[in-house]
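Note that this is a predicted model, so its numbers are computed, not measured.
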Amino acid sequence: MKRWTVERGTLWAWELAGGLPPPFRPRVQAEFVELGVADSRELAAAMGLSTPDPVTQRLDAGRRCFGLRIDGQLACYGWVTHGSEHVGELERTFNLHDDESYVWDCATLPAWRGQGCYSALLNQIIFQLHGEGVARIWIGASRLNRPSVRGMANAGFRSAADITYRRLLRLTLFRFHGPHPPATPLVAAAYRVMTAGHERRIRNIALGILP
């Protein structure tokens with residue numbers, strides 16, 4: 001573990017209470033699919049992995065992966081978790097309610113970038129999970145990653161909270177700041193999802209010492 005770390009990002013969300021977003025179509029004809037074990041080698045290659053084992057391990061653990069195919073080729077993908085998911089950059093586990101999902105580890109293959117595939121994929125994931133009874137979907141990105149931010153907004157997600165995470169040795173400081181008052185239900189849910197078990201929340205800051 002490094003002696004110190006700093007991460008700045010934004011947690012985005014789609015909520016059932018806000019209704020479904022308008023459909024977003026990519027600039028090329030694409031097919032929305034759920035990827036399974038039969039696709040593990042292709043997906044591993046797209047993710048830059050030398051073996052499909054990490055892919056099959058994720059699938060076996062209950063994680064799901066969705067993608068867009070263009071002319072039969074995988075153009076982009078994104079993983080979805082129900083339950084809990086460790087977020088390495090923030091050194092914590094997101095704990096979700098039964099009616100929540102978390103979207104993570106998304107990418108568009110180089111040949112298909114600039115075609116709106118990422119926005120279309122996220123948009124289709126919203127419709128898919130809504131049809132399965134999910135009431136809130138979370139996704140996060142660095143505030144410096146402008147393409148991801150645009151893609152999330154285009155897909156129908158809205159900013160829930162900006163966050164800054166700092167750690168010096170074992171001391172952690174997690175600060176929430178953003179456009180919405182802390183008392184709003186969405187921001188309260190963001191606090192609940194992101195505050196780690198070892199941290200104590202004081203207003204918009206969570207402090208703790210890693211075990």
Decide yes or no for [X] and [Y]: does some side-chain heavy atom of the first lie under 4.5 Å from some side-chain heavy atom of the second?
{"X": "Pro21", "Y": "Asn154", "result": "no"}
{"X": "Leu186", "Y": "Glu15", "result": "yes"}
{"X": "Leu74", "Y": "Leu35", "result": "yes"}
{"X": "Val6", "Y": "Arg167", "result": "no"}
{"X": "Ile163", "Y": "Thr10", "result": "no"}
{"X": "Cys106", "Y": "Tyr118", "result": "yes"}
{"X": "Val193", "Y": "Asn95", "result": "no"}
{"X": "Val149", "Y": "Arg143", "result": "no"}

Please report the shortest heavy-atom distance between [X] and [Y], naming the atom on each side.
{"X": "Ile137", "Y": "Ile125", "value": "CD1-O, 4.4 Å"}
{"X": "Gly19", "Y": "Trp14", "value": "O-NE1, 3.0 Å"}
{"X": "Ala120", "Y": "Pro26", "value": "CB-CD, 3.5 Å"}
{"X": "Met152", "Y": "Ala141", "value": "CE-CB, 3.3 Å"}
{"X": "Ala160", "Y": "Val187", "value": "O-CG2, 3.5 Å"}

- Evaluate the criterion salt bridge (charged side-chain N to carboxylate O under 4.0 Å, His left out) for residue pair Glu42 and Arg69; output intermediate values, then yes/no. CA-CA 12 Å; Glu42 180 185 20; Arg69 289 193 179 278; 2.7 Å; yes
Is there a donor-acceptor contact under 3.5 Å from the side chain of [X] to the main chain of [Y]?
{"X": "Arg25", "Y": "Arg27", "result": "no"}
{"X": "Arg166", "Y": "Leu171", "result": "no"}
{"X": "Asn145", "Y": "Ser142", "result": "no"}
{"X": "Thr56", "Y": "Asp53", "result": "yes"}
{"X": "Asn123", "Y": "Phe24", "result": "yes"}

Do [X] and [Y] have side-chain N/O donor and acceptor atoms under 3.5 Å apart?
{"X": "Thr81", "Y": "Trp104", "value": "yes"}
{"X": "Glu199", "Y": "Thr172", "value": "yes"}
{"X": "Glu132", "Y": "Gln128", "value": "yes"}

- Message: Do Arg92 and Tyr165 form a cation-pi contact, if we require the NZ or CZ to be under 6.0 Å from the six-membered ring centre and within 45 degrees of the ring's axis?
- Response: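 Yes, a cation-pi geometry.
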- Do the side chains of Phe32 and Leu122 join up, straight or via other hydrophobic residues, at under 4.5 Å, putting them in one cluster?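 Same cluster: Phe32 reaches Leu122 through Ile, Leu, Val, Met, Phe, Trp or Tyr contacts under 4.5 Å.
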- Message: Hydrophobic cluster membership, with links at side-chain heavy-atom distances under 4.5 Å among I/L/V/M/F/W/Y: are Val33 and Leu109 in one?
- Response: yes
- Query: Do Gln124 and Glu31 pass the side chain to side chain contact (heavy atoms under 4.5 Å, CB included) test, and can you show the C-alpha distance, the side-chain angles, and the key distance before you say yes or no?
  - Reply: CA-CA 10 Å; Gln124 287 285 342; Glu31 178 189 11; over 6 Å; no
- Query: Yes or no on ring-ring contact (aromatic ring centres under 6.0 Å, His included) for Tyr191 and Phe176, after CA distance, side-chain angles and deciding distance?
  - Reply: CA-CA 8 Å; Tyr191 278 116; Phe176 295 79; 4.1 Å; yes
Separation of [Y] [atom2] from [X] [atom1] (nearest 0.5 Å):
{"X": "Thr108", "Y": "Leu121", "atom1": "OG1", "atom2": "CG", "result": "7.5 Å"}
{"X": "Phe174", "Y": "Met194", "atom1": "CZ", "atom2": "CE", "result": "3.5 Å"}
{"X": "Cys76", "Y": "Trp112", "atom1": "SG", "atom2": "CH2", "result": "11.0 Å"}
{"X": "Leu207", "Y": "Arg200", "atom1": "CG", "atom2": "CZ", "result": "9.0 Å"}
{"X": "Ser148", "Y": "Trp12", "atom1": "OG", "atom2": "CH2", "result": "10.0 Å"}
{"X": "Leu16", "Y": "Leu129", "atom1": "CG", "atom2": "CG", "result": "12.0 Å"}

- Working for side chain to side chain contact (heavy atoms under 4.5 Å, CB included), residues Tyr102 and Val80: CA-CA 6 Å; Tyr102 173 56; Val80 174; over 6 Å; no
Please indicate whether [X] has more than 12 foreign heavy atoms, meaning atoms of other residues, nucleotides or ligands, lying under 6.0 Å from its [atom1].
{"X": "Ile209", "atom1": "CD1", "value": "no"}
{"X": "Arg41", "atom1": "CZ", "value": "no"}
{"X": "Asp60", "atom1": "CG", "value": "yes"}

- Message: Test of understanding: with side chain to side chain donor-acceptor pair (under 3.5 Å), list the residues that count as partners of Asp105, not counting sequence neighbours.
- Response: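 Applying side chain to side chain donor-acceptor pair (under 3.5 Å) to Asp105 gives Arg58.
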- Task: Please lay out, stage by stage, how His82 and Leu96 fare under the test side chain to side chain contact (heavy atoms under 4.5 Å, CB included).
- Result: CA-CA 7 Å; His82 308 277; Leu96 311 175; 5.9 Å; no
- Looking at residues at least two apart in the chain, or sitting in another chain, which of them share a side chain to side chain contact (heavy atoms under 4.5 Å, CB included) with Leu168? Trp4
- Message: Whether Glu100 and Arg136 form a salt bridge (side-chain N of Lys/Arg under 4.0 Å from carboxylate O of Asp/Glu) is what I want to check.
- Response: yes
- Task: Let me see the working for His130 and Leu20 under side chain to side chain contact (heavy atoms under 4.5 Å, CB included), right down to the final yes or no.
- Result: CA-CA 8 Å; His130 164 263; Leu20 286 170; 3.7 Å; yes
- Message: If we check side chain to side chain donor-acceptor pair (under 3.5 Å) with Thr164, which of these qualifies: Glu7, His177, Arg175, Arg8?
- Response: His177
